[in-house]
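No hydrogens, no waters, no symmetry mates; every other heavy atom, side chains included, goes into these values. Chain identifiers are assigned alphabetically (A, B, ...) following the order of the sequence lines, protein sequences preceding nucleic acid strands; residue numbering begins at 1 within each chain.
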Number of protein chains: 2
Amino acid sequence: MTASKKRQNRHSRTRSDHATELAEDYVEAIADCIESRGSCRAVDLVKQFQVSHVTVNRTIGRLQRDGFVVTEPYAPLQLTKAGTKLAQASRRRHEIVYQFLIEIGVGESTAATDSEGIEHHVSPETLAAMQRFLKKGSGVFY
Amino acid sequence: MTASKKRQNRHSRTRSDHATELAEDYVEAIADCIESRGSCRAVDLVKQFQVSHVTVNRTIGRLQRDGFVVTEPYAPLQLTKAGTKLAQASRRRHEIVYQFLIEIGVGESTAATDSEGIEHHVSPETLAAMQRFLKKGSGVFY
DNA sequence: GTTCAAGTTTAGCACAGGCTACATTTTGTT
DNA sequence: AACAAAATGTAGCCTGTGCTAAACTTGAAC
Ligand SMILES: [Mn+2]
Ligand SMILES: [Mn+2]
Ligand SMILES: [Mn+2]
Ligand SMILES: [Mn+2]
């Protein structure tokens with residue numbers, strides 16, 4: 001492990017996916033909220049995630065610690081450069097997974113639900129495969 | 001919430017998926033191990049999951065509490081009826097997700113890794129869509 | 001300018017799921 | 001039988017992510 005990245009086994013990878021999952025969903029939600037409402041407050045995330053405002057607050061604290069968000073007391077949330085970048089990448093990946101599910105015949109509501117969890121486990125290689133599929137169009141199939 | 005099941009939003013669903021995820025992976029691994037080696041011990045799971053034996057032990061404790069495994073001190077693990085059933089359902093779903101990824105052009109190694117996380121977020125509806133896809137064969141496409 | 005409601009923060013709790021260090025039991029070797 | 005090694009168990013720690021209750025800020029209504 002001096003110079004080369006340690007190869008994780010598949011379960012280790014799943015665990016590390018989960019470690020970044022909440023961060024990805026939060027910055028995505030914050031970015032969406034800022035775009036649609038002009039700003040984002042903790043209470044908006046409470047509605048999105050259906051957890052208590054305390055849980056949102058503590059999660060935001062970790063996001064700030066990790067450099068994705070900046071906050072001042074009682075003020076709206078702001079994304080850092082890193083936060084904005086993560087939000088964009090997450091949104092793009094999420095959207096591709098969602099559209100892909102639609103394309104293979106999953107209903108919109110289920111696609112929305114399932115893609116919310118699936119997205120975090122989709123590697124660049126799998127994402128590329130899904131994109132190829134979308135490009136070709138499913139008309140050939142169904 | 002007296003008689004009707006509360007409709008979860010998509011983030012709530014993802015959270016509940018995660019609550020059962022470890023149980024699914026463990027019983028699947030235990031079932032595999034029993035089939036291939038005749039019995040399964042904690043140390044086998046240590047190798048599979050790459051966590052400490054203490055973590056395995058505590059996880060097994062929760063599985064026992066929840067009725068999926070039974071253990072006696074220093075003895076191999078056994079699955080309960082419920083554990084065996086969960087293992088079968090998990091394995092089937094996992095296998096479909098894996099084959100599906102292969103079918104859309106993902107390499108075996110990546111498919112193995114990604115399917116390990118994705119499987120837990122695949123609803124029956126999405127699983128059915130993947131199966132339809134596998135039945136048709138991807139020859140039409142590629 | 002008080003008052004009140006909404007939003008936010010803090011304190012303190014729980015459980016899941018990681019860990020190391022150390023103790024114990026079982027099993028294999030001599 | 002004695003010893004060594006492997007497996008298992010226990011004690012005690014940590015972080016993440018959930019909660020309720022209570023205190024505090026802020027901004028709007030009056
Ligand atoms: Mn997302
Ligand atoms: Mn998500
Ligand atoms: Mn899995
Ligand atoms: Mn997951």
Audit row: A:D25, A:H94, side chain to side chain donor-acceptor pair (under 3.5 Å) steps and yes/no: CA-CA 10 Å; A:D25 283 339; A:H94 195 156; 5.1 Å; no
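Between the side chains of B:E95 and B:Q99, at least one donor N or O lies within less than 3.5 Å of an accepting N or O.
Aromatic ring pairs are classed by plane angle as parallel below 30°, tilted from 30° to 60° and perpendicular above 60°; the pair A:H121 and B:H121 is parallel.
Applying the ring pair (Phe, Tyr, Trp, His ring centres under 6.0 Å) test to pairs two or more places apart or on separate chains, those with a residue in residues 21-40 of chain A are A:Y26-A:F49. Residues in residues 41-58 of chain A take part in these salt bridge (Lys or Arg N to Asp or Glu O under 4.0 Å) pairs, two or more places apart or across chains: A:R37-A:D44.
Qualifying side chain to side chain contact (heavy atoms under 4.5 Å, CB included) partners for B:E35, counting only residues two or more places apart in sequence or in other chains: B:R91. The side chain to side chain contact (heavy atoms under 4.5 Å, CB included) check on B:Q48 picks up A:R10, A:H11, B:A29, with sequence neighbours excluded. Annotation: side chain to side chain donor-acceptor pair (under 3.5 Å) contacts of A:T20 (sequence neighbours excluded): none. Annotation: side chain to side chain donor-acceptor pair (under 3.5 Å) contacts of B:T110 (sequence neighbours excluded): A:E125.
Counting heavy atoms from C-beta outward, B:I104 and A:F100 have side chains that approach closer than 4.5 Å. Side-chain atoms of B:C40 and B:L45, non-hydrogen and from C-beta on, do get closer than 4.5 Å to each other. At a threshold of 4.5 Å between non-hydrogen side-chain atoms, the residues A:V51 and A:T59 do not count as touching.
The stretch residues 39-47 of chain B touches DNA chain D through B:R41, B:A42, B:V43, each having a heavy atom within less than 4.0 Å of the strand. Contacts between residues 54-80 of chain A and DNA chain C, defined by a heavy-atom separation under 4.0 Å, are made by A:V54, A:N57, A:P73, A:Y74. Within residues 10-21 of chain A, the residues that have a heavy atom under 4.0 Å from DNA chain C are, in order of number, A:R15.
In summary, contact between chain A and DNA chain C, defined as any nucleotide atom under 4.0 Å from a heavy atom of the protein, begins and ends at C:dG7 to C:dG18 in the 5' to 3' direction. Where DNA chain D meets chain B (any atom under 4.0 Å from a heavy atom), the bounding nucleotides read 5' to 3' are D:dA7 to D:dG18.
With side-chain heavy atoms closer than 4.5 Å counting as contact, directly or through intermediates, the hydrophobic cluster containing A:I102 also holds A:Y98.
With hydrogens and angles ignored, the 3.5 Å screen pairs a side-chain donor or acceptor of B:S90 with a backbone N or O of B:L86.
Remark: A:R13 engages A:D17 in a salt bridge, criterion side-chain N to carboxylate O under 4.0 Å.
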